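So the structure is just underneath, and the comments pick up after that.
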Amino acid sequence: MRLFADSASDLPKEFFEKEQVVLFPLRVHIGEEEYEDIRTIHSKKVYDAIRSGVQPKTSQASPDEMLAAFEQLAKDGDEGFYIAFSSELSGTYNTAVMVADQVREDFPELKLTILDSKAASLGYGLLVKEAARLRDAGQPLSEVIERVRTMADHMESLFTVEDLDYMARGGRISKGSAFVGGLLNIKPLLHVEEGKLVPIEKLRGRKKVVKRMIELMETRGEQLKNQTIAISHGDDEEFANFVKKEIEEHFRPKNVETYLIGSVIAAHTGPGTLAVFFLNRAL
């Protein structure tokens, strides 16, 4: 069984190498330079660029790289499973489906399932990690797919950004809203709903946002003590550790994993972003 994932999962390079998961990197553009997320750029470079006033741009994963990987899968007679970045946030999923259809014209026996994760960052990354775990445990592909699809359907994502100006530069909110938000220290709280970014409410100050996150985890989560909860942060490890401590004290989860947000998502959310991922159903 061959697993595929793209860099919007925000898992570190070491994960892909150690777990033998094929990586499709999305691309980051800073000025005239183009980089492959995870492979040729670290997200700290993106954060430094944003702080200096440069707005990086992003583009989807390479269709040619997908084509080569899927053709090789067919030639090897192996079966594959590609868990993809939310189709509401990137064209990568739809491109992969089209490429797979193209490969099937020459290799109709291609055994490949492509799943829209409807998630981003570590909400997506947790799905990839679970697929790798089940593969290594010897589970058949059908059961791996079913488990990951169920997890995707029950993944909760809560996140906030430090500076609304970053989202305004990326076109996510108006510049006027960002200006007023900055004056009042307004921090938005958002989540992912059916793969889309959806605002929940606005609060004044980080502490109120964290308190509200904990409240929402309490009402939305199920058996959090038996879960691995993930936190991704925008180059603010101190804030991430603070939130981790709050989660551990409130819920005593099995594990809390913390990672730096990757280059592609960082380009749209900016420094100081923090996201928490958990399941709303015990699986």
Side-chain angles (χ1 to χ4, degrees), residues 1-29 33-42 57-121 123-152 195 262-265 267:
M1 182 193 308
R2 202 167 301 175
L3 296 178
F4 304 88
D6 55 68
S7 61
S9 58
D10 282 356
L11 294 169
K13 185 177 182 180
E14 297 75 28
F15 169 83
F16 289 94
E17 293 172 347
K18 180 181 177 182
E19 298 298 332
Q20 296 184 323
V21 175
V22 178
L23 169 66
F24 294 138
L26 277 75
R27 289 166 287 186
V28 182
H29 309 263
E33 298 295 322
E34 179 181 292
Y35 303 89
E36 293 183 325
D37 191 9
I38 296 180
R39 275 191 197 151
T40 63
I41 188 171
H42 192 280
K57 297 180 180 180
T58 62
S59 57
Q60 60 180 282
S62 165
D64 290 339
E65 191 165 339
M66 291 179 181
L67 180 65
F70 296 163
E71 284 184 342
Q72 192 61 53
L73 178 72
K75 290 175 182 177
D76 292 343
D78 202 352
E79 53 186 7
F81 182 28
Y82 174 26
I83 308 167
F85 187 19
S86 170
S87 63
E88 295 288 347
L89 300 174
S90 170
T92 297
Y93 166 79
N94 289 325
T95 295
V97 171
M98 288 189 291
V99 170
D101 288 343
Q102 180 181 338
V103 172
R104 286 191 176 94
E105 292 178 6
D106 295 322
F107 301 93
E109 69 279 7
L110 175 67
K111 299 174 184 176
L112 174 67
T113 298
I114 304 174
L115 176 71
D116 182 354
S117 70
K118 297 182 290 187
S121 190
Y124 168 19
L126 287 174
L127 305 181
V128 178
K129 292 188 74 172
E130 180 68 359
R133 185 188 72 82
L134 293 173
R135 175 205 59 193
D136 294 345
Q139 296 296 315
L141 178 59
S142 59
E143 292 187 17
V144 175
I145 293 170
E146 184 60 31
R147 168 75 175 185
V148 172
R149 181 177 284 118
T150 300
M151 281 185 68
S263 299
V264 165
I265 294 178

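Since this is a predicted model, take the numbers as computed values, not measurements. Computed over heavy atoms, backbone and side chain alike; hydrogens, waters and symmetry mates excluded.
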Tell me the closest heavy-atom pair linking [X] and [Y], and the distance in Å.
X: Val28; Y: Ser263; value: CG2-CB, 3.7 Å
X: Leu26; Y: Ala8; value: CD1-N, 4.3 Å
X: Leu110; Y: Ala74; value: CD1-CB, 3.9 Å
X: Ala131; Y: Val148; value: CB-CG2, 3.9 Å
X: His29; Y: Ser59; value: NE2-OG, 2.9 Å
X: Ala119; Y: Gly123; value: CB-C, 3.8 Å

I need the [X] [atom1] to [Y] [atom2] distance, nearest 0.5 Å.
X: Glu36; Y: Phe24; atom1: CD; atom2: CZ; value: 12.0 Å
X: Ser117; Y: Phe85; atom1: OG; atom2: CZ; value: 7.5 Å
X: Glu33; Y: Ile41; atom1: CD; atom2: CD1; value: 10.0 Å
X: Thr58; Y: Leu89; atom1: OG1; atom2: CG; value: 10.5 Å
X: Leu134; Y: Met1; atom1: CG; atom2: CE; value: 8.5 Å
X: His42; Y: Asp37; atom1: NE2; atom2: CG; value: 10.5 Å

Stepwise side chain to side chain contact (heavy atoms under 4.5 Å, CB included) check, Leu112 with Arg104: CA-CA 10 Å; Leu112 174 67; Arg104 286 191 176 94; 4.0 Å; yes
Do [X] and [Y] come within less than 4.5 Å of each other through their side chains, counting heavy atoms only?
X: Leu141; Y: Lys111; result: no
X: Tyr124; Y: Asp10; result: no
X: Glu19; Y: Arg135; result: yes
X: Met66; Y: Thr92; result: yes
X: Arg2; Y: Val22; result: yes

Verdict with reasoning, Arg147 to Gln139, per side chain to side chain contact (heavy atoms under 4.5 Å, CB included): CA-CA 10 Å; Arg147 168 75 175 185; Gln139 296 296 315; over 6 Å; no
Would the number of heavy atoms belonging to other residues, nucleotides or ligands and lying under 6.0 Å from CD of Glu143 be above 12?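 Correct, the count exceeds 12.
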Ignoring hydrogens and angles, state whether a donor on the side chain of Tyr93 or Asp6 is under 3.5 Å from an acceptor on the partner side chain. no
Decide yes or no on side chain to side chain contact (heavy atoms under 4.5 Å, CB included) for Arg149 and Leu115, but give the supporting numbers first. CA-CA 8 Å; Arg149 181 177 284 118; Leu115 176 71; 3.9 Å; yes
Does the Ser9 side chain pair with the main chain of Ser121, one donor and one acceptor, at a distance under 3.5 Å? no
Less than 4.0 Å between a side-chain N and a carboxylate O, is that true for Arg27 and Glu65? no
Could you go through Phe15 and Ile38, starting from their C-alpha distance and side-chain angles, then the distance that decides it, and tell me whether this counts as side chain to side chain contact (heavy atoms under 4.5 Å, CB included)? CA-CA 11 Å; Phe15 169 83; Ile38 296 180; over 6 Å; no
Measure centre to centre between the rings of Phe4 and Phe70, then say whether the value is under 6.0 Å.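 For Phe4 and Phe70, the ring centres are under 6.0 Å apart.
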